[in-house]
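All values below come from the heavy atoms of this structure, side chains included, with hydrogens, waters and symmetry mates left out. Values in this document were obtained by computation on a predicted structure and should not be read as measured data. The chain is numbered in sequence order, starting from 1.
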Amino acid sequence: MRLLRRSLATLIGLVFFSVVPAVAQNADTQKDGTADVAQASEALINVLNDPASRAALIELLKKSSGGTEASGDAALSVLSGSAATGSPAAQADGSQPQRPSGTANFALKVGEYTRALVDDVGLVVAQSMRSLTGLVRIGRGEIPIKWDQVRSTALQVLVVLLAAYAGLLLSRAVMKRIYPRMSVLARKGSGLMRSFILLLTLAFDTVTVGVGWAVGNAVALAGYGGLQAGVTLQESLALNAFFIAELANVALRFIFVPSHRELRLLPFTDTASRYWSRHLHIFVYWIIYGMFLAVPVANISASFVLGNALRFLFVFLGTLYLFVLVHRNRRIVCQGVSDYAQTLHSTLASRLLAVGGRVWHLAAYGYLAAVFIIWVTRPFDATSIILHATGLSIVAIAAGILVSLVLTSTIKDGIQLPESVRTSLPALQKRLNAFIPRILKIIRLAVFLVTFLALLDIWGILSVLDWVASETGLQLLSGYGSAFLVVLVGFLIWLAIMSWVDLRLQERSGHIVTARERTLFQLFRNATTVVVIVMVALLALSEIGVNIGPLIAGAGVVGLAISFGAQTLVKDIITGAFIQIENAINEGDVVTVAGVTGTVEGITVRSVRIRDLDGTTHIIPFSTVDMVSNFMRGFSYHVALIGVSYDTDITAAKDAMQEAFRQLKATDFGPMIFDDLEMHGVTNFGASSIDIRARIKTAPGDQWAVGRAYNEYVKKVFDERGIEIPFPQVTYHAATPPFASDARKEGKPQRPPLTGPTDLPEDAPAQDDGG
């Protein structure tokens with residue numbers, strides 16, 4: 001049935017394309033069109049007169065509700081005359097003819113498209129020649145023109161337009177007093193403030209146009225006929241052209257803003273802004289006053305032939321003017337767009353903008369050619385088509401650019417929270433600026449795609465709205481929209497939890513955050529982040545149509561395999577969990593773990609990071625921890641072990657140690673000391689000293705600083721009181737041998753005593769008395 005419909009459409013098309021030229025062309029063209037109609041009618045009559053073809057066609061039409069491709073092929077063969085040349089009996093029995101090959105179908109389609117393109121080009125040329133022929137006939141005087149009526153109409157229109165522009169200029173002079181203040185606000189404000197002020201100026205400019213239009217209508221009513229006669233058609237055409245032209249100029253000022261650089265959103269220089277604004281103003285006045293005023297007035301006052309000729313001239317010269325304008329500035333605009341693209345932070349946006357700058361003139365050429373063809377081929381409804389498509393395109397592009405610029409400004413400047421919020425939640429602004437710009441970049445890309453699809457729909461290239469309204473479009477948009485909503489809600493939940501944790505970890509009056517709270521909340525923050533990411537990812541995939549059942553099952557199998565293959569990892573996690581439950585280690589504690597003593601800098605679910613006294617960082621898995629020694633629980637002690645010489649009075653030494661403690665407590669270390677000095681007394685008799693032990697109770701973590709300070713004061717007091725702190729030394733005692741005493745008794749001479757220093761080094765050789 002598809003081919004049958006195509007065949008019937010071909011016959012109808014033949015009739016249509018033969019009738020249209022008969023209506024639009026001259027007498028010769030009408031004869032050719034009549035011959036085409038006769039030929040098409042004869043072909044249809046021959047098909048219907050053939051009994052076999054007629055029977056097959058009737059049979060296929062009866063089965064049209066359940067038609068197949070084979071019946072369509074049979075109908076095509078019937079209508080193409082194959083029944084007359086082949087076997088009628090076979091066609092009547094419903095036998096299928098041989099289907100043409102795919103290459104033949106493709107060749108036919110290419111041929112049809114080429115023929116249609118040539119016909120369109122021929123139609124444009126024919127319409128252009130017809131318009132020029134009418135202008136030649138007017139120049140020869142074959143078509144009379146009522147010049148008196150033309151002059152009176154021109155004078156009437158001129159008066160009304162002068163009144164309208166007088167009202168426009170006066171209202172604009174009033175508005176110019178407000179614009180400098182707005183420029184100052186825009187210079188000091190952000191991108192959002194500039195956009196708001198620019199929209200406000202757009203509204204003010206529109207009001208000035210409305211005032212001028214109202215003044216023109218008032219003058220038309222007062223000057224020609226009064227209120228009873230009303231406004232004439234010529235005056236109405238003039239005022240409508242004024243209103244449309246000035247609104248177009250308002251749109252151009254909104255885009256380029258040649259007079260107020262502070263309000264300009266697009267990256268135009270002052271010179272480029274004034275250049276494009278001036279030339280496009282000229283085109284707007286030429287095309288609008290020509291098409292909306294000169295052509296209708298010529299049709300009414302003179303002749304439709306004159307109006308048709310003027311329409312072609314206005315459209316052709318205006319299009320040619322824009323072609324030349326685009327051609328002259330194609331390299332300048334390309335360079336400017338390329339320079340601006342290099343300033344963008346997004347690589348994708350920079351590349352897209354650079355490509356757009358290189359091909360912008362081609363798009364402009366295509367647009368101008370399409371508009372010219374519409375004006376020539378459809379002169380009666382071309383105005384509504386072009387204004388509707390162009391206006392919607394301008395609105396879509398302006399809205400897309402405005403939203404993109406606001407998003408770009410927000411991405412560049414970041415989110416700025418109030419001072420009170422930054423004080424209470426210091427990490428909130430950093431988190432927002434870490435995620436919001438990425439989300440805004442995705443939204444900016446979506447805005448670009450929506451704008452592009454809107455342009456395709458406006459110009460009829462692609463029916464986006466119909467696709468969106470279809471079941472596939474609704475399903476796709478709802479799925480991805482739901483996924484985006486899931487991601488957004490997940491991000492808000494994560495942000496709320498992180499903000500709550502920040503509030504709990506913030507020290508304020510009456511609340512001191514302990515090291516245990518800080519550690520537990522840090523682990524809770526990490527665990528929450530992992531859970532939210534996994535849940536949001538699974539829900540988002542489910543919304544876009546991905547079956548997450550195998551993912552969950554696969555995750556379970558992978559988790560089971562990991563649990564068997566990574567027993568040490570599991571042991572790390574379980575041991576770490578119990579260590580945290582028992583509050584054995586917190587961040588900032590000084591501990592001894594696995595033989596390493598240092599400060600805890602970080603704790604994860606499987607390891608602890610310790611930095612020792614030398615600055616070396618140690619990562620210790622919890623599975624290797626069999627004992628934890630924490631120096632930061634409740635209170636601590638500094639154990640002072642002081643050695644004195646054997647000839648020292650122990651009581652005096654103890655009193656000196658008490659004096660050193662009293663002096664220490666009077667300093668800034670006093671608040672760190674919880675109790676009096678605990679004197680334990682003599683604990684050891686060493687090789688060269690007697691050890692006296694005492695103990696000082698301090699705040700946890702302060703025992704080392706207090707101990708160092710106490711040692712300094714002990715040394716100071718001992719020096720003041722002359723108490724010796726011994727150090728290792730060797731004392732030699734000279735003993736008299738037995739034979740020396742016998743010799744002394746017998747009166748034998750003895751060796752004279754040694755002269756000189758008597759202190760010998762420890763490694764000096766012993767003297768031998770037995771010569």
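The salt bridge (charged side-chain N to carboxylate O under 4.0 Å, His left out) analysis of residues 617-635, with sequence neighbours excluded, yields the pairs Asp589-Arg633. Contacts classified as salt bridge (charged side-chain N to carboxylate O under 4.0 Å, His left out) and involving residues 635-658 (residues at least two apart or in different chains) are given here: Asp655-Arg721. Among pairs with a residue in residues 521-534, those fulfilling salt bridge (charged side-chain N to carboxylate O under 4.0 Å, His left out) read Asp502-Arg525, at least two apart in sequence or across chains. Applying the salt bridge (charged side-chain N to carboxylate O under 4.0 Å, His left out) test to residues at least two apart or on different chains, none of the pairs has a partner in residues 700-712. The side-chain hydrogen bond (donor to acceptor under 3.5 Å, both in side chains) contacts involving residues 533-556 comprise nothing, where partners must be two or more places apart or lie in separate chains.
Taking 4.5 Å as the limit, some side-chain heavy atom of Tyr646 sits within range of a side-chain heavy atom of Ile690. When side chains are defined from C-beta on, Ile673 counts as touching Phe661, because their heavy atoms get closer than 4.5 Å. Counting heavy atoms from C-beta on, the side chains of Gln658 and Met679 come closer than 4.5 Å. Two residues are said to be in side-chain contact when any heavy atoms from C-beta on lie closer than 4.5 Å; Glu724 and Val644 fail this criterion. By the 4.5 Å heavy-atom criterion applied to side chains, Arg695 and His638 are not counted as neighbours. In this structure, the side chains of Thr698 and Phe635 stay at 4.5 Å or more apart for every pair of heavy atoms.
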(request) Please assess Arg609 against Ile603 for the test side-chain contact (heavy atoms from CB on, under 4.5 Å), listing each intermediate value before the final yes or no. (result) CA-CA 6 Å; Arg609 185 173 71 253; Ile603 301 176; over 6 Å; no
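A salt bridge links Asp676 and Lys665; the closest N-O separation between the charged side-chain nitrogens and carboxylate oxygens is under 4.0 Å.
Under the side chain to side chain contact (heavy atoms under 4.5 Å, CB included) test applied with Val591, the options Thr599, Ile610, Val596, Ile620 reduce to a single match, Ile610.
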Which pairs of donor and acceptor atoms, one on a side chain in residues 476-489, lie under 3.5 Å apart (sequence neighbours left out)?
{"from": "Ser478", "atom 1": "OG", "to": "Leu474", "atom 2": "O", "distance (Å)": "2.7"}
{"from": "Ser478", "atom 1": "OG", "to": "Gln475", "atom 2": "O", "distance (Å)": "2.9"}
{"from": "Ser482", "atom 1": "OG", "to": "Ser478", "atom 2": "O", "distance (Å)": "2.7"}

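Checked against salt bridge (charged side-chain N to carboxylate O under 4.0 Å, His left out), Asp691 has no partners two or more places apart in sequence or in another chain. Every residue two or more places apart in sequence or in another chain that forms a side chain to side chain donor-acceptor pair (under 3.5 Å) with Thr529 is listed here: Trp494. Residues that satisfy the salt bridge (charged side-chain N to carboxylate O under 4.0 Å, His left out) test with Asp612, not counting sequence neighbours, are absent from this structure. A search for side chain to side chain donor-acceptor pair (under 3.5 Å) contacts involving Glu601 returns Arg611, not counting sequence neighbours. Evaluation of the salt bridge (charged side-chain N to carboxylate O under 4.0 Å, His left out) rule for Glu659 yields Arg662 as partners, not counting sequence neighbours. Applying the salt bridge (charged side-chain N to carboxylate O under 4.0 Å, His left out) test to Lys716 and every residue at least two apart in sequence or in another chain returns nothing.
Taking each heavy atom of Ser688 and Pro726 in turn, the nearest pair found is O-CB, 3.2 Å. Taking both residues in full, the closest heavy atoms of Pro700 and Gly634 are given as CD-O, 3.3 Å, listed atom of the first, atom of the second, then distance.
Inspection of the Ser629 and Thr592 side chains reveals no N or O donor paired with an N or O acceptor under 3.5 Å.
Counted within 6.0 Å of CG on Leu613, heavy atoms from surrounding residues, nucleotides or ligands total 12 or fewer; the atom is thus considered open.
Remark: the backbone N or O of Pro621 is paired with a side-chain donor or acceptor of Thr624 at under 3.5 angstrom.
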